[in-house]
Structure formats: structure tokens, C-alpha cells
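Side chains are part of it too, since the values below use all heavy atoms of this structure and drop only hydrogens, waters and symmetry mates. Here is the naming used below: chain letters follow the sequence lines, and residue numbers restart at 1 for every chain.
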Amino acid sequence: MAAKGKRADPYHVWLSEVMLQQTTVQAVKPYFLKFLAAWPSVTDLAAAPVEDVMAAWAGLGYYARARNLKKCAEAVANEHGGVFPDTEEGLKQLPGIGDYTAAAVAAIAFNRQAAVMDGNVERVISRLFAIDAPLPGSKPAMKAKVAALTPSDRPGDFAQAMMDLGATICTPKRPACALCPFNGHCLALAHDEPERFPVKAAKKAKPVRLGAAFVAVNASGEILLRRRVESGLLGGMTEVPTTAWTARMDGGTEASHAPFAAGWQAAGVITHVFTHFELRLTVYRAQVPDGLKPGPDDEWWEPVTNLDAQALPTVMKKVIAQAIPSAYRPENRN
DNA sequence: AAATCGTGGTA
DNA sequence: TTACCAAGATT
């Protein structure tokens with residue numbers, strides 16, 4: 001972070017804010033450093049192969065962010081001369097930059113008086129004013145409160161201070177109200193019920209989906225991989241062949257969806273929880289001879305020693321580790 | 001405009 | 001263990 005009231009590098013601010021969307025600082029740190037080392041400027045990122053960017057993002061989640069990150073870098077490099085727009089409105093036109101990120105970059109990197117509101121700020125504001133209307137419907141009213149509080153002097157520092165307050169003092173459970181600089185003006189505290197806010201709409205139950213995954217290893221120690229379609233869940237990421245992920249496991253479905261006939265052996269079940277469903281995959285493995293042709297739909301054979309360089313999401317690392325326990329041991333990596 | 005989209009940490 | 005949720009965006 002830059003010194004008090006100073007503008008930080010817009011590329012650094014943008015990259016960190018995108019990574020921090022729905023993601024903890026702890027999880028982001030190593031990825032942020034890795035990206036800056038690989039691509040020191042936005043033009044470097046714009047010039048990078050998208051596969052490299054997806055592989056570098058693997059494990060961080062919400063992979064549409066990585067696809068939009070690349071598109072945004074290309075837009076800045078090709079349509080803005082390699083310079084980020086310096087207004088909230090200009091930034092919001094770019095891929096992957098919404099209300100929050102546009103305001104955050106405008107305030108922190110360009111000293112603009114933009115109202116920055118993330119989940120932390122929503123919690124602080126909802127408590128300060130004891131807002132009973134549930135999120136997300138109450139968002140516009142809350143943002144108006146933030147805008148009214150945001151100063152013209154050092155708006156970026158104000159934004160970061162509000163987020164820090166929400167992250168460390170005005171926490172979801174057991175907030176440290178005694179330490180809060182607003183404890184003389186907080187309506188929720190005055191009513192002795194800070195934890196009642198923010199009020200949120202009820203969330204729905206998480207269904208279970210079932211499927212099977214197939215790990216084929218040939219005599220040369222290569223594993224059969226394929227690339228998922230660009231859109232939707234894990235879009236553009238790498239996977240091993242699987243059946244469809246459906247509510248029911250239909251008998252006979254599994255063998256018919258194997259990439260080819262082989263001595264498939266069940267190797268156990270892995271469970272992975274996504275945002276809106278839980279996935280249980282039965283893992284099958286087979287030792288096959290060399291020379292099998294990869295299927296038509298973006299399949300290839302990859303040395304098991306090179307899995308770290310692949311764009312494998314966490315669920316697929318679980319599958320491979322289940323089938324090949326040694327795959328992710330250090331001595332088997334390049 | 002409700003649904004979709006990952007993962008890991010915490011209580 | 002379950003539930004929540006973390007510096008949200010897109011369709």
C-alpha cells in the first residue's frame with residue numbers, strides 16, 4: 001500500500017482488488033506476488049498467453065475473474081494506450097470491474113471521491129444506521145450513506161479505513177464495539193443488538209450432485225487431461241474426463257462416459273463444495289498403454305510430473321490425488 | 001433480477 | 001459438523 005494519501009500504482013491496485021473479490025487477504029497474497037513477478041505491468045499481462053494466466057490463477061476460484069482479468073489487461077493495453085482510465089465511470093466499462101472495484105481503484109489509485117462499498121462497509125453502515133431492510137435490496141440506500149460520509153480529502157484512505165474497521169472491529173460475530181471510533185453514534189449498538197445487522201435475505205439449501213471422474217495413466221507416466229468450455233462453472237479450466245454432474249447417479253452411466261474402454265478400477269470418492277451445490281465424484285483409474293489417441297474435444301496427454309503447470313482447479317487436484325496419491329508429492333514434481 | 005460462480009478459514 | 005462468509009461481477 002502507498003503512503004498516506006499517496007496514489008498507488010493503478011495496475012497493482014486493480015490486480016489486488018480483483019483478486020480480493022470474495023476472497024481473503026491470506027489466500028490472495030501468494031497469487032498477487034506470483035502475478036507481479038510473472039507480469040510486472042499491465043502490458044505484460046495483456047501479452048501473456050491466456051492458458052498461462054489461467055494456470056497461474058488455478059486454486060484461487062471464481063475463474064471468470066481470471067478470464068476477465070486478461071480481457072481487461074488487453075483493453076487497457078490496446079484501447080487505452082496501456083494506461084488505466086482514471087475515473088469511476090471509465091473503469092466500470094472494463095471487463096470484470098463492477099461497482100466496488102471501479103470505486104476502489106478510482107479512490108485508492110486516482111484520489112477520486114468515490115463511494116467504496118464492499119461486504120465490510122455494508123456491515124458497518126447497516127449497524128451505524130440500524131438498517132432493517134435486507135440485503136441486497138438495501139444496497140442502494142446504504143451506498144448513499146457511504147457517499148455522504150466519503151471525504152474529498154484522501155478518499156482512498158477513508159475507503160480502506162472503513163474496510164479495515166469492518167474486518168477487524170465491526171466483525172460479523174462479537175464485534176469489538178468498545179474499540180470502535182463510531183461507538184458513540186452507532187444505532188445498532190445503542191439498541192444493544194449489533195449482531196442483528198446486516199439483515200440478509202434467506203439463502204437456499206445446497207443440493208448434491210453426483211458423477212464419476214476418470215484418471216488414465218499411460219506407460220510413459222502421462223495423464224489424460226482435457227479443457228473445459230470457456231463459459232460456466234470452471235470455464236476454461238483443465239480437468240480429467242468426467243460424466244455429467246447430475247442429481248442422480250444412473251446405473252451404467254459411468255462406464256459409458258469413460259474416455260475409452262480400459263480396466264477402470266474404483267479408487268474412492270471425493271467430495272467438493274461449490275457455491276451452490278455439493279459434488280461427489282467417484283474416482284476411477286486405469287493403467288493404459290502408450291499410443292492411445294486423445295479424444296476430439298480438447299484432450300491431451302500430460303506428464304504427471306508437470307501437473308503444477310496446468311490450470312487444474314482444486315476439485316480436480318483432489319480427484320488426481322485420490323487416484324494417484326504420489327502425484328502431488330514434491331519428488332514427483334518438475 | 002434471481003442465479004450463477006470457488007475456495008479456504010472460522011466458530 | 002454445519003453454517004457462515006471474504007476488499008463482487010455477470011447474465
Side-chain angles (χ1 to χ4, degrees), chain A residues 1 8 12-32 54 57-69 71-72 91-109 114-125 134-137 139-140 142-143 146 156-168 170-175 195 198 200-209 228-237 239 245 270-279 311-318:
Chain A
M1 160 170 175
H12 295 185
V13 175
W14 163 72
L15 179 61
S16 62
E17 293 299 345
V18 172
M19 286 184 166
L20 285 164
Q21 290 166 7
Q22 297 289 283
T23 310
T24 58
V25 172
Q26 176 183 339
V28 162
K29 258 183 186 164
Y31 285 86
F32 181 71
M54 299 306 288
W57 195 278
L60 198 53
Y62 283 146
Y63 297 102
R65 291 185 297 172
R67 287 179 261 133
N68 286 330
L69 189 82
K71 289 179 191 165
C72 183
L91 288 161
K92 225 191 140 181
Q93 301 303 313
L94 294 166
I97 298 187
D99 284 336
Y100 164 76
T101 306
V105 174
I108 297 169
V116 177
M117 188 172 74
D118 71 333
N120 291 304
V121 178
E122 287 174 358
R123 188 167 52 254
V124 172
I125 293 295
L135 285 167
K139 222 168 162 179
M142 291 179 38
K143 180 144 183 171
V146 178
D157 288 341
F158 174 79
Q160 297 192 64
M162 288 288 280
M163 293 190 282
D164 284 343
L165 180 66
T168 61
C170 194
T171 51
K173 303 295 180 188
R174 299 181 60 89
E195 284 191 27
K200 294 189 176 183
K203 46 194 68 173
K204 347 193 243 186
K206 218 168 262 196
V208 175
R209 294 188 198 173
R228 292 174 64 87
V229 296
E230 283 300 313
S231 63
L233 184 70
L234 307 178
M237 300 296 284
E239 67 176 2
W245 305 344
I270 67 99
T271 294
H272 190 77
V273 181
F274 291 100
T275 305
H276 54 294
F277 66 94
E278 176 185 325
L279 178 64
L312 288 163
T314 298
V315 61
M316 286 300 146
K317 291 184 180 178
K318 283 189 191 176

Val315(A) and Ile270(A): side chain to side chain contact (heavy atoms under 4.5 Å, CB included), yes or no, with the steps? CA-CA 8 Å; Val315(A) 61; Ile270(A) 67 99; 4.1 Å; yes
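- Picking from dG9(B), dT7(B), dG6(B) the nucleotide with the shortest atom distance to the side chain of Arg65(A) gives dG6(B).
- With rounding to whole Å, Gln93(A) atom CD is found 15 Å from dT10(C) atom C1'.
- Rounding to whole angstrom units, CD1 of residue Ile97(A) and P of dT10(C) are separated by 9 Å.
- For Asp99(A), counting side-chain heavy atoms from C-beta on, the closest listed nucleotide (dA7(C), dC5(B), dA9(C)) is dA9(C).
- Nearest heavy-atom pair, Arg67(A) versus Gly235(A), reported as atom, atom and distance to 0.1 Å: NE-O, 3.2 Å.
- Gly166(A) comes within 4.0 angstrom of nothing in the nucleic acid, heavy atoms only.
- For the pair Gln22(A) and dG8(C), the criterion of a side-chain N or O lying under 4.0 Å from OP1 or OP2 is met.
- Lys317(A) and Leu312(A) get closest at one heavy-atom pair: CE-O, 3.4 Å.
- As rounded to whole Å, 14 Å separates atom C1' of dG8(B) from atom NZ of Lys317(A).
- Atom CD of Gln26(A) and atom P of dC5(C) are 19 Å apart (whole Å).
- The separation of dC5(B) from dA6(C), taken at their P atoms, amounts to 22 Å, rounded to a whole angstrom.
- With rounding to whole Å, Lys206(A) atom NZ is found 13 Å from dG6(B) atom P.
- Spacing between dA9(C) and dG8(B) at atom P, rounded to whole Å, works out to 22 Å.
- Protein atom CG of Leu20(A) is 15 Å distant from nucleotide atom C1' of dG9(B), rounded to whole Å.
- Residue Thr101(A) is classed as a sugar-phosphate contact, given heavy-atom separations below 4.0 Å to backbone atoms only.
- Within 3.5 Å, no donor on the side chain of Thr23(A) pairs with an acceptor on the base of dG8(C), nor the reverse.
- With dA6(C), dA9(C), dC5(C) as the candidates, the nucleotide lying closest to the side chain of Lys203(A) is dC5(C).
- Using a 4.0 Å heavy-atom cutoff across all strands shown, Arg123(A) reaches sugar-phosphate atoms only and no base atom.
- Leu234(A) comes within 4.0 angstrom of sugar-phosphate atoms only, judged by non-hydrogen atoms across all strands, and of no base.
- For the pair Thr24(A) and Ala102(A), nearest-nucleotide mapping onto DNA chain C gives the more 5' position to Thr24(A).
- A donor-acceptor contact under 3.5 Å is formed by the side chain of Tyr62(A) with the base of dG6(B).
- Using a 4.0 Å cut-off on heavy atoms, the residues of residues 270-279 of chain A that approach DNA chain B are His272(A), Val273(A), Phe274(A), Thr275(A), His276(A), listed by number.
- Judged by distance alone, the side chain of Arg228(A) and the main-chain N or O of Glu239(A) form no donor-acceptor pair under 3.5 Å.
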Side-chain donor-acceptor pairs of residues 200-208 of chain A under 3.5 Å, sequence neighbours excluded:
{"from": "Lys206(A)", "atom 1": "NZ", "to": "Phe274(A)", "atom 2": "O", "distance (Å)": "3.3"}
{"from": "Lys206(A)", "atom 1": "NZ", "to": "Thr275(A)", "atom 2": "O", "distance (Å)": "3.3"}

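- Looking at heavy-atom distances under 4.0 Å, Pro136(A) makes no contact with the nucleic acid at all.
- Remark: P of dT7(B) and OH of Tyr31(A) are 9 Å apart, rounded to the nearest angstrom.
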Yes or no on side chain to side chain contact (heavy atoms under 4.5 Å, CB included) for Ile125(A) and Val146(A), after CA distance, side-chain angles and deciding distance? CA-CA 7 Å; Ile125(A) 293 295; Val146(A) 178; 3.6 Å; yes
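- Looking at heavy-atom distances under 4.0 Å, Ala167(A) makes contact with sugar-phosphate atoms alone, never a base.
- Between Val13(A) and Ala8(A), the shortest heavy-atom distance links the atoms CG2-CB, 3.5 Å.
- Looking at heavy-atom distances under 4.0 Å, Gly232(A) makes contact with sugar-phosphate atoms alone, never a base.
- Between the P atoms of dA7(C) and dT10(B), the separation comes to 14 Å (whole Å).
- For Tyr63(A), the side-chain atoms get nearest to dT7(B) when compared with the rest of dA7(C), dG8(C), dT7(B).
- Taking the nucleotide of DNA chain B with the nearest heavy atom to each of Lys204(A) and Thr314(A), the more 5' of the two is matched to Lys204(A).
- Look at the C1' atom in both dG8(C) and dA1(B): the space between them is 16 Å, to the nearest Å.
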Side chain to side chain contact (heavy atoms under 4.5 Å, CB included) assessment of Trp14(A) paired with Leu69(A): CA-CA 9 Å; Trp14(A) 163 72; Leu69(A) 189 82; 3.3 Å; yes
Going through the distances and angles, do Tyr62(A) and Gln22(A) end up as a side chain to side chain contact (heavy atoms under 4.5 Å, CB included)? CA-CA 9 Å; Tyr62(A) 283 146; Gln22(A) 297 289 283; 3.6 Å; yes
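- Look at CG on Leu233(A): it is 17 Å from P on dA3(B), rounded to the nearest Å.
- The Asn68(A) side chain lies nearest to dT10(C) when the options are dG8(C), dT10(C), dA6(C).
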